[in-house]
Amino acid sequence: MIRLNDILDRVASYNPAADLDMIKKAYVFCAKVHQGQIRLSGEPYLIHPMEVAAVLAELKLDVPTVVTGLLHDTLEDTLTTYEELVNVFGAEVANLVDGVTKISKIYFKTKEESQAENFRKMLLAMANDIRVLLVKLADRLHNMRTLQYHPEPKQRTIAKETLDIYAPMAHRLGISRLKGELEDLSFRYLNPQLYYDLAAKVTKKKMERESYVVDVQEIIAKKLVEHGIKGDVSGRSKHLYSIYNKMESRNVDIDEIYDLVAIRILVEDIRECYGVLGIIHSTWKPIPGRFKDYIAMPKGNMYQSLHTTVIGPYGERMEVQIRTLEMHRVAEAGIAAHWKYKEGKGYDEREVKRFAWLRQLLEWQQELQDSSEFMATVKVELFPEEVYVFTPNGDVKGFPKGATPVDFAYSVHTDVGHRCVGAKVNGKLVPLKYELKIGDIVEIVTSPHHTPSKDWLKLVKSSRARNKIRAWIKTEERKRSIALGREICEKEFRRYNLNFGKLQKIGELKKVATEFGLVGDEDLMAAVGYGKLSCNQLIGKLIPDHKMEEQKERKETRLTKVLNKLTRKSSDAIQISGIEDVLVRFGKCCNPVRGDEVVGFITRGRGVTVHAADCQFALEIDPERRVDVAWNQDKGTVLPVKIRVSCHDQKGILANITQVITNCEANIASAFVQSTVDKRGVNIFQVEVTDLDHLNRVINNIMKVSGVIKVDRLKR
């Protein structure tokens, strides 16, 4: 268990002038306000803030940040007020604590929105002080270290969120020690059987390779002495999740992964880095295509190093990393290694430029009102792999892996993106679907009469391009909907002797819009054009009931016929806010089941289509067409969902799996069974379940079958 003196000694070791009395005061304050509170583990709550502060001290952060680690839960979990923190510790610490405080007292409609809003708050806090995020990461790390005390469903939820949001964020900030541990802990709870199997195999292979690593270290150390270079040579084991990813991407077993251990060489300066690279390549044969120069072209998170893979002793592949001591410090601690906080002046402007991507995320989240869109944006921008290309003038631009010339065009200017008709890459014309590669020189060809296509959303990878295309499509669809709504209303109004123009001029339509919760005439016409409101609903507000009765024998309009086609029995499983007896369909692209967060979209001529909230197709649909939908509480309706079961190809396992599904009271509608060349079985079942809990029960019970490796829910 961590002690206060451990934290004080750690801070004093890298900052002899630190105000340790402030940390002691924070400890006393924290112990007082959290007195009597117990964690799920049964330990005093005080242990948690102490461990968070210790992580921050390991990152060598300043005193206010360490103090914030001790106080980060006081506003949320105790009676402490913001004003009290200001009085005792000053505005700087109070603002940091306020920035880290979880949003627990605000009501959110959906789980996805809660996650998105929480993340927005985190980003907004970073706009003023990035230390808020560092405390948040330390908080999440200790929560992950003690995740075993939560029930299994919550373990999986927290682990998934950590893997999707916090580990990539730690990577983007360059804090590799946090990123690796967060990934491994998440992996442990998301797939425990694979985690422990892999851990055992890695431990065994590590013991087998220890003598090999020692031999390599001695050879390299001797070579460095011969060339007069002073350096430190060490072997580093790769963390489990990175090994797992490599096995999955290559579809190989651990016995075919040769670079479980990387040899790291630390030298004094950049010149020696390239000198050592020459020594390594002259000693062992390098593998073509496996050399990466992150010194000349640093990663977006400031990481710098030379990476090469060679055929080492005994003909085995070996990865070698070469960097300076300063580069190594940055690789381990990221932004924490560059922390230069100026009292009363905010953080160094040079550090702001290093993390311009944080500012970009803030700008994008202000443009996006839809929380699902925002989360999709964030996940794209946190994706670690980037491609760097050149403009014709030699400027470097970075994009997510898989980006196309359309992404490049929008990075230049919105109008360039809108008018893009083609591109030249390295002097040759390429299609817009061409995936940019590192080092490409890109030039955009435009036409003044060209406009974006909805299909471009399938091509682009950057959030800026996607948001600009969506904004253009939304504007154009709104214009068409307004025109269509006006046309429908003008035609229908004439049947009731109503003058559309006159009603608009005297402000009657604006009053009707207000009654429906809309802003003005255009919003009202757009709602009619989209199909959210019927023209009869407007007329009902404009004409008294007794006059409406006199018009009952009017001729049925074309619009009425269309609406009648849609007026069928609604799905028993779904309720639609504000709409009755409308045809409901479920999106085949995501196959939602009761318990999933869902959204509905009006589909012209086909009623309402229900999608999972995180469905990629749903994210690309105009938010104006969205309607609120919810699951009925009655669990009588069953819905089909596909699951994929990966297992060892062994006798009787298929019978055991199907028996487990049947025991869980789930019907198997169809099954596809296949054996692979590597003695594995891939089984795809379409099962009928009542809700998400039912599905999770089926999946969890299948995972308990001996020989089952993994169970995935298929959205398509």
Side-chain angles (χ1 to χ4, degrees), residues 123 172 300 353 355-370 372-383 385-482 616-625:
L123 290 173
R172 276 298 241 155
K353 292 178 181 177
F355 291 90
W357 65 277
L358 292 175
R359 294 282 180 182
Q360 290 174 354
L361 278 183
L362 287 169
E363 292 169 6
W364 291 327
Q365 73 92 19
Q366 289 164 6
E367 294 176 10
L368 294 173
Q369 299 301 317
D370 181 78
S372 299
E373 283 185 39
F374 178 71
M375 286 309 296
T377 296
V378 167
K379 288 177 182 178
V380 168
E381 292 309 315
L382 295 180
F383 193 71
E385 295 189 57
E386 292 183 338
V387 176
Y388 294 91
V389 299
F390 296 93
T391 68
N393 294 328
D395 296 327
V396 178
K397 286 183 175 286
F399 298 94
K401 187 178 181 181
T404 63
V406 180
D407 293 287
F408 184 94
Y410 278 102
S411 75
V412 176
H413 194 277
T414 301
D415 285 340
V416 175
H418 287 347
R419 309 301 175 199
C420 173
V421 292
K424 289 183 179 179
V425 174
N426 303 324
K428 297 180 180 179
L429 284 171
V430 297
L432 292 180
K433 66 180 180 180
Y434 171 87
E435 290 191 6
L436 300 177
K437 298 179 177 61
I438 292 178
D440 281 346
I441 301 173
V442 186
E443 183 180 353
I444 300 299
V445 181
T446 61
S447 169
H449 307 295
H450 192 70
T451 56
S453 164
K454 203 168 186 176
D455 291 336
W456 284 6
L457 289 171
K458 299 175 183 177
L459 300 180
V460 298
K461 295 295 182 182
S462 64
S463 295
R464 175 181 172 83
R466 184 175 289 105
N467 293 340
K468 295 299 181 182
I469 295 168
R470 281 179 180 159
W472 186 89
I473 292 171
K474 181 178 177 181
T475 301
E476 291 302 305
E477 287 195 355
R478 179 176 169 82
K479 287 178 184 177
R480 288 196 294 268
S481 295
I482 291 172
Q616 187 60 39
F617 179 77
L619 295 174
E620 295 173 0
I621 300 176
D622 189 347
E624 291 289 339
R625 289 165 54 191

Residue pair [X] / [Y]: nearest heavy atoms and the distance that separates them:
X	Y	value
Pro400	Val387	O-CG2, 4.4 Å
Thr446	Ile444	CG2-CG2, 3.9 Å
Ile469	Ser453	CG2-O, 4.1 Å
Arg464	Thr414	NH2-OG1, 3.5 Å

Let me see the working for Leu436 and Thr404 under side-chain contact (heavy atoms from CB on, under 4.5 Å), right down to the final yes or no. CA-CA 5 Å; Leu436 300 177; Thr404 63; 5.6 Å; no
Is any side-chain heavy atom of [X] closer than 4.5 Å to a side-chain heavy atom of [Y]?
X	Y	value
Val425	Ile441	no
Lys424	Lys428	no
Leu459	Leu432	yes
Tyr434	Asp440	yes
Leu457	Arg466	yes
Glu443	Pro392	yes

How many angstroms lie between atom CZ of Arg470 and atom OG of Ser463, to the nearest 0.5 angstrom?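 Between Arg470 CZ and Ser463 OG, I get 8.5 Å after rounding to 0.5 Å.
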First locate atom CD of Glu476, then atom CD1 of Ile473, and finally report the distance between them rounded to the nearest 0.5 Å.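 So the CD of Glu476 and the CD1 of Ile473 are separated by 9.5 Å.
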Between Val389 and Phe399, does a side-chain contact (heavy atoms from CB on, under 4.5 Å) hold up when you go through it step by step? CA-CA 8 Å; Val389 299; Phe399 298 94; 3.7 Å; yes
Just checking Lys437: does its NZ atom have more than 12 heavy atoms from other residues, nucleotides or ligands closer to it than 6.0 angstrom?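 More than 12 heavy atoms, drawn from other residues, nucleotides or ligands, come within 6.0 Å of this atom.
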According to the interplanar angle, ranging from 0 to 90°, do the rings of Trp472 and His418 count as parallel (below 30°), tilted (30 to 60°) or perpendicular (above 60°)?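 Ring orientation, 0 to 90° scale: tilted.
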Determine the interplanar angle of the Tyr410 and Trp456 rings, folded into 0 to 90°, and report it as parallel if under 30°, tilted if 30 to 60°, perpendicular if over 60°.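 Because their plane-to-plane angle is over 60°, the rings of Tyr410 and Trp456 count as perpendicular.
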Under 3.5 Å, side chain of Arg419 to main-chain N/O of His449, donor-acceptor pair present?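 Pair absent, no side-chain N/O of Arg419 close to backbone of His449.
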If we ignore hydrogens and angles and just use 3.5 Å, is the side chain of Asp407 paired with the main-chain N or O of Ala403 as donor and acceptor?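 Side chain of Asp407 to backbone of Ala403, a donor-acceptor pair under 3.5 Å: no, none is there.
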Show, in sequence, the C-alpha distance, side-chain angles and deciding distance for Lys474 and Glu477, and conclude whether the salt bridge (Lys or Arg N to Asp or Glu O under 4.0 Å) test is met. CA-CA 5 Å; Lys474 181 178 177 181; Glu477 287 195 355; over 6 Å; no
